[in-house]
Amino acid sequence: MARVSAARRTLTAGILLGLGTVAFVDEAVFHQLLHWHHFYDLSTSEVGLVSDGLFHAFSWFATVAGLFMVASLQRERVFRWAPFAAGWLVGAGSFQLYDGVVQHKIMGIHQIRYGVDLLPYDVTWNVAAAVLLVAGLVWWVVTWRRVRAAEAASGASARS
């Protein structure tokens, strides 16, 4: 049971770091370096900058929380790369897909870019997100089955 719990915590740490990483890259590249959009573009530029700051704080909160979880798992010597990588891919893909579908299209609080044909940008953004998410989910299932099999094997050897 301890292995499953460690795998879940490792997966959660990966999800938080994946989410934080993609949010950080979005903020740094598209908001700050390219100036393509703010997190909230339905108001003034000042409001957009404040929304970027809040978004940036959110990304770092997720990153720091994930790193604390990794440090704790390392201290307990139960950290494993496979569930962490699966979680990272799920976190990165789900955040990017949420951003591309919900924030860009449903809520319309910002677009990737303005004054251009959005279709290639939207397709690239959402396909990349879907690839990350599906890869993470597949890796997650494979990893989870290995954890369960190892747990069953250790339980069987403990009973014999």
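For the numbers below, each heavy atom of this structure counts, side chains included, while hydrogens, waters and symmetry mates do not.
Screening His38, His56, His37 against His31 for a ring pair (Phe, Tyr, Trp, His ring centres under 6.0 Å) leaves a single residue, His37. Just one of Gln103, His104, Lys105 meets the side-chain hydrogen bond (donor to acceptor under 3.5 Å, both in side chains) condition when paired with Gln111; it is Lys105. Just one residue in the list Ile15, Leu16, Leu19, Leu17 forms a side chain to side chain contact (heavy atoms under 4.5 Å, CB included) with Trp88, and that residue is Leu17.
If you chain together hydrophobic residues whose side chains sit under 4.5 Å apart, Ile109 and Val101 fall into the same group. The hydrophobic cluster containing Tyr121 also contains Val29, counting ILVMFWY residues as joined when their side-chain heavy atoms lie under 4.5 angstrom apart, directly or transitively. Residues Leu97 and Ile106 share a single hydrophobic cluster, defined by chaining ILVMFWY side chains whose heavy atoms lie under 4.5 Å apart.
Using cut-offs of 30° and 60° for the angle between ring planes, the Tyr98 and Phe95 rings count as tilted.
Between the side chain of Thr124 and the backbone N or O of Pro120 there is at least one donor-acceptor pair closer than 3.5 Å.
In plain terms, the two heavy atoms of Val78 and Thr10 that are nearest each other are O-OG1, 4.2 Å. The nearest pair of heavy atoms linking Ser59 to Phe24 is CB-N, 3.9 Å.
The aromatic ring centroids of Trp125 and Phe30 lie less than 6.0 Å from each other.
Side-chain contact check for Asp41 and Tyr114: at least one donor-acceptor pair (N or O, by modelled atom type) lies under 3.5 Å. Judged purely by distance below 3.5 Å, without hydrogens or angles, the side chains of His110 and Asp99 pair a donor atom with an acceptor atom.
Between Ile112 and Trp36, the closest side-chain pair of non-hydrogen atoms falls below 4.5 Å. Between Leu54 and Phe58, the closest side-chain pair of non-hydrogen atoms is not below 4.5 Å.
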